Amino acid sequence: MSSSNSAKKKGPGHWSTGLLTSMEDPEMRVDEDDQCVTIKDKYPKARYHFLVLPKEKINSLKNLNGDNVELLKHIQFKGQEIADKADKHLLFRFGYHAVPSMGHLHLHVISQDFNSPCLKTKKHWNSFTTEYFIDSERIIKQLEKKGRIEIDTSSSETLLKKDLQCHICSKKLSTIPALKSHIALHCVSRKKST
DNA sequence: GTTCTAGAAC
DNA sequence: GTTCTAGAAC
């Protein structure tokens with residue numbers, strides 16, 4: 001009896017649909033316009049970590065075609081605007097994960113300090129500091145040129161297992177805590193010193 | 001994507 | 001002994 005769950009209330013759903021839920025929650029929205037919504041990442045991997053999502057239902061990079069170029073340019077512009085508003089003096093990157101865990105296309109807008117307690121694993125680190133993180137500009141150029149995005153899933157998996165390496169000076173570190181202590185010494189994730 | 005935790009690594 | 005990683009989650 002307890003196994004019947006055809007109730008009208010819809011539950012939280014599978015974890016991978018979490019972004020859609022967050023997108024629709026007004027309290028999560030940092031910014032919104034006719035084409036896209038910006039939210040804070042629920043588990044930020046740096047001091048500033050936002051996600052920009054198109055309102056149009058696009059599941060992943062593989063679903064993009066030449067018609068989406070203007071939308072992607074708009075999403076990147078929005079991301080830059082949000083980053084600028086957050087902190088003009090911090091370096092940010094704007095890009096997509098090669099193989100994201102969460103459904104619905106999302107641009108990561110992330111400051112390059114990577115100073116966050118939510119950054120805990122090798123996968124976290126490598127997903128933002130190796131080629132697993134694909135800059136928005138590259139995605140847009142490839143879309144303009146080829147009309148679609150090709151991702152090599154198996155080589156992406158390999159990237160996540162790479163040895164830990166500082167994104168600024170390339171020093172190799174053996175553990176996450178050692179890496180975190182190391183990057184804290186770099187104060188160069190700022191654009192300028194005034 | 002996260003949480004939890006066994007056991008590897010130190 | 002503690003720290004840290006990595007794999008299951010029904």
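Here is how names work: the chains are called A, B, and so on, in the same order as the sequence lines, proteins then strands, and each is numbered from 1. Predicted model only: the values in this text are computed from it and were never measured.
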Against A:Asp31, only a single residue in A:Ile82, A:Ile39, A:Val37 fulfils side chain to side chain contact (heavy atoms under 4.5 Å, CB included); can you say which?
A:Ile82
Against A:Ile140, only a single residue in A:Leu71, A:Val69, A:Asn68 fulfils side chain to side chain contact (heavy atoms under 4.5 Å, CB included); can you say which?
A:Val69
Heavy-atom contacts under 4.0 Å between residues 95-110 of chain A and DNA chain B, which residues?
A:Ser101, A:Met102
Tell me if the [atom1] atom of [X] is crowded by more than 12 foreign heavy atoms within 6.0 Å.
X        : atom1 : result
A:Arg29  : CZ    : yes
A:Lys55  : NZ    : yes
A:Glu137 : CD    : no
A:Lys42  : NZ    : no

Would you say that A:His167 contacts A:Trp125 through its side chain, given a criterion of any heavy-atom pair below 4.5 Å between the two side chains?
yes
Any chance you could encode DNA chain C as dot-bracket? Rule is Watson-Crick or G-U wobble with both distances under 3.5 Å; [ ] for pairs crossing earlier ones, | for another strand.
|||||||||.
Is A:Glu144 paired with A:Lys141 through a side-chain N to carboxylate O contact shorter than 4.0 Å?
no
Aromatic plane relationship, A:Phe128 with A:His108 - under 30° parallel, 30 to 60° tilted, over 60° perpendicular:
perpendicular
May I ask you to decide if the ring planes of A:His182 and A:His186 are parallel, tilted or perpendicular, using 30° and 60° as cut-offs?
perpendicular
Mind checking A:Lys123 for me? I need base, sugar-phosphate or nothing, with any heavy atom below 4.0 Å counting as a touch.
sugar-phosphate
Could you list, one pair per line, each protein nitrogen or oxygen that sits under 3.5 Å from a nitrogen or oxygen of nucleotides 1-10 of chain C, together with the distance?
residue: C:dT5; atom: OP1; partner: A:Ile176; partner atom: N; Å: 2.7

